Amino acid sequence: MRRPRGEPGTRAPRPTEGATCAGPGESWSPSPNSMLRVLLSAQASPARLSGLLLIPPVQPCCLGPSKWGDRPLGGCPNAGPVQGLQRLLEQARSPGELLRWLGQNPTKVRAHHYPVALRRLGQLLGSRPQPPPVEQATLQDLSQLIIRNCPSFDIHTIHVCLHLAVLLGFPSDGPLVCALEQEQRRRFHLPPKPSPPLQPVLREARPEELTPHVMVLLAQHLARHRLREPQLLEAIAHFLVVQEAQLNSKVVQKLVLPFGRLNYLPLEQQFMPCLERILAREAGMAPLATVNILMSLCQLRCLPFRALHFVFSPGFINHVSGTPHALIVRRYLSLLDTAVELELPGYRGPRLPRRQQVPIFPQPLITDRARCKYSHKDIVAEGLRQLLGEEKYRQDLTVPPGYCTDFLLCVSSSGAVLPVRTQDPFLPYPPRSCPQSHAASNSTTHNPAQRVVLMLRERWHFCRDGRVLLGSRALRERHLGLMGYQLLPLPFEELESQRGLPQLKSYLRQKLQALGLRWGPEGG
């Protein structure tokens, strides 16, 4: 698809959502909405996104008179020569010509000419991802001109130049962006590296200045890139609480998505009461959005009983049965029913009928399929084959109610690893009625029905910080443990430190022996 000129690599913003790239001579209205959208599209750092939520709104900045009217250039003397230079910049045919017009007319150059030059530069570069090598020197010279003059810019011009510089792909740690950000921080008296504590973000963030669409973009950005940034997540939670009356469940499901995915329960005290009120108000209007919200809350172990009563009611189930998304809703309801079975012993409301239940995850997750070539699964499988023999483990086995296991071992009461083909690899589901504490206290060597699941914890199974499991992974491990499977996590840091198959076999041997397992001579 052809990209709009002047915004390489990004979608053109909608006119009603923040500022747009104005035409020649038109006014530019930067806002927190537009800046946030640009920074998200440019993969800005979490620190920069957090800083943006603290920046007060700015007023529209005029970039010059419109060719359709005679608006004077506010606050600029010598309007005639100034307007003439602006037209030359708008009609420049190359980056070199832009620089020449700026350099040859020092007495006519005003602050607003630099945003005009940056915008024209974007139009000249078009949709090329990288400028040609011959233009690098010209781009550097233009950057130096802006850096040298930015102390004399007003805050509006600084904001616009920063906006355009990000759009054009100037490096976030490069001299131009850094100089503009430093000048912007100086005007607002912000610290050099904005890393404010959590509470100031909650006090200074202004949700009324950000639209739901922009906050949804922020939420999707955090979820997609596994960014567990408390400041940004708390800002989303605060926005949700403040704007509760204006939000419908279809928007709320997108705002709540990163909390479940990133396994983050916000500190905002009204977060859960707000969601319960929204679910009570909107549950019947958007079934898929309703179960999506409950899925996120399930990952956070915060399921509201009232909402569960509603989605498990015969009326709701019959309503969704004839819809196009009936299968995915039934899959989500099956997972919610599993969570009720395993985690909510005090729930006494309706449940999903057995005939409506379907496997939760009938195949490996999309991320695992997409990154299979980076996975440690193949080398771990070979290590187990040589260590135990092919008959003593099962790979990628899906156990009821539908959780996929990486590797599963059947273990006798004495701790011997048994051939899987001679055993039923599945533990009964629902679990047999026995106190969970008693079941958890049984050791591997004293439980004749013990099944050991080796769980690969790959790098992408964690939030970007590498310490907190994603919500879906934590949920799977939690439920498998509650069903009676003994889990043996294999963290990516430990797997990556093994050098070759012999060292990996030694690592697996130590892990299995630490559980009290024993087996015969090595196979293979």
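Computed from a predicted model, the values in this text were never measured in an experiment.
Side-chain atoms of Leu336 and Val340, non-hydrogen and from C-beta on, never get closer than 4.5 Å to each other. Contact of the Leu265 side chain with the Cys302 side chain is registered, since non-hydrogen atoms from C-beta on lie closer than 4.5 Å. Between Phe312 and Asp337, some side-chain heavy-atom pair lies under the 4.5 Å cut-off. In this structure, Val380 and Leu384 have side chains that are in contact, with non-hydrogen atoms separated by less than 4.5 Å. The shortest side-chain heavy-atom distance between Ser296 and Phe259 does not fall under the 4.5 Å cut-off. At a threshold of 4.5 Å between non-hydrogen side-chain atoms, the residues Leu517 and Val411 count as touching. Counting heavy atoms from C-beta on, the side chains of Val468 and Phe462 never come closer than 4.5 Å. Residues Leu427 and Val399 form no side-chain contact, since every pair of their non-hydrogen atoms from C-beta on lies 4.5 Å or further apart.
More than 12 non-hydrogen atoms from other residues, nucleotides or ligands lie less than 6.0 angstrom from CZ of Phe305. When the shell of 6.0 Å around NZ of Lys511 is examined, it contains more than 12 heavy atoms from other residues, nucleotides or ligands. Counting heavy atoms of neighbouring residues, nucleotides and ligands inside a 6.0 Å radius, atom CZ of Arg306 does not exceed 12 of them. Open room surrounds CD on Glu390; 12 or fewer heavy atoms of other groups in view lie less than 6.0 Å from it. A 6.0 Å sphere centred on CD of Gln269 holds no more than 12 heavy atoms belonging to other residues, nucleotides or ligands.
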Apply ring-ring contact (aromatic ring centres under 6.0 Å, His included) to Tyr429 and His479, showing your working.
-> CA-CA 11 Å; Tyr429 180 83; His479 283 185; 9.1 Å; no
Which is it for Lys377 and Glu458 under the salt bridge (Lys or Arg N to Asp or Glu O under 4.0 Å) test, yes or no, and what are the steps along the way?
-> CA-CA 9 Å; Lys377 184 170 290 188; Glu458 303 284 10; over 6 Å; no
How far apart are the C-alpha atoms of Leu454 and Leu408, what are their side-chain angles, what is the distance that settles it, and do they pass the side-chain contact (heavy atoms from CB on, under 4.5 Å) test?
-> CA-CA 6 Å; Leu454 279 66; Leu408 184 141; over 6 Å; no
Where do Glu181 and Val177 land on the side-chain contact (heavy atoms from CB on, under 4.5 Å) test, with the steps shown first?
-> CA-CA 6 Å; Glu181 287 187 330; Val177 173; 3.9 Å; yes
Walk me through it: do Val417 and Leu512 pass the test side-chain contact (heavy atoms from CB on, under 4.5 Å)?
-> CA-CA 10 Å; Val417 180; Leu512 296 176; 6.0 Å; no
Does the side-chain contact (heavy atoms from CB on, under 4.5 Å) test come out yes or no for Gln270 and Glu244, once each step is laid out?
-> CA-CA 11 Å; Gln270 289 300 311; Glu244 173 189 342; over 6 Å; no
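Under a 4.0 Å N-O distance rule, the pair Arg457/Glu477 qualifies as a salt bridge. A salt bridge links Glu341 with Arg351: at least one charged nitrogen is closer than 4.0 Å to a carboxylate oxygen. Using a cutoff of 4.0 Å between basic side-chain nitrogens and carboxylate oxygens, Glu496 and Arg459 are scored as salt-bridged.
Looking at every heavy atom in both residues, Pro401 comes nearest to Met483 through CD-SD, 3.5 Å. A pairwise comparison of heavy atoms in Phe316 and Val311 identifies CD2-O, 3.2 Å as the closest pair. What you find for Leu288 and Val291 is that their closest heavy atoms are O-CG2, 3.2 Å. Shown here for Arg354 and Pro430, the closest heavy-atom pair between the two residues is NH2-CG, 3.3 Å. Summarising the geometry of Pro425 relative to Cys410, their closest heavy-atom pair is CA-SG, 4.0 Å, with the distance given to 0.1 Å. Nearest heavy atoms, Asp406 versus Arg476: OD2-NH2, 4.2 Å.
In terms of modelled atom types and a separation under 3.5 Å, the side chain of Ser249 and the main chain of Val252 share no donor-acceptor contact. No donor-acceptor pair closer than 3.5 Å links the side chain of Arg451 to the backbone N or O of Gln486. Counting only distance, with no hydrogens or angles, the side chain of Thr398 and the backbone of Gly402 share no donor-acceptor pair below 3.5 Å. Proximity of a side-chain donor or acceptor of Arg348 to a complementary backbone N or O of Pro345 within less than 3.5 Å is detected. When atom types are taken as modelled, the side chain of Gln423 and the backbone of Val420 share no donor-acceptor pair closer than 3.5 angstrom. Looking at Thr405, its side chain never comes within 3.5 Å of a backbone N or O of Val453 through a donor-acceptor pair. Not a single donor-acceptor pair under 3.5 Å links the side chain of Gln243 to the backbone N or O of Phe239.
Side-chain N/O atoms of Gln220 and Lys254 include no donor and acceptor closer than 3.5 Å. A donor-acceptor contact closer than 3.5 angstrom links the side chains of Ser414 and Arg518. Between the side chains of Gln498 and His376, no donor-acceptor pair of N or O atoms lies under 3.5 Å.
Checked against side chain to side chain donor-acceptor pair (under 3.5 Å), Tyr485 has no partners two or more places apart in sequence or in another chain.
Note: Leu294 CG to Phe310 CZ = 10.5 Å, rounded to the nearest 0.5 Å. Rounded to the nearest 0.5 angstrom, Ser334 OG and Leu352 CG are separated by 5.0 Å. Here the CG atom belonging to Leu409 is positioned 8.5 Å from the CG atom belonging to Leu488, to the nearest 0.5 angstrom. In this structure, Leu508 CG and Gln386 CD are separated by 10.5 Å, a value rounded to the nearest 0.5 Å. Between the OG1 atom of Thr338 and the CD1 atom of Ile360 there is a distance of 3.5 Å, given to the nearest 0.5 Å. Interatomic distance, Leu387 CG to Arg385 CZ, rounded to the nearest 0.5 Å: 11.5 Å.
The side chain to side chain contact (heavy atoms under 4.5 Å, CB included) with Leu255 is formed by just one residue from the set Leu275, Leu218, Leu247; it is Leu247. When the options Arg228, Gln299, Glu229 are evaluated for a side chain to side chain contact (heavy atoms under 4.5 Å, CB included) with Leu262, the one that passes is Arg228.
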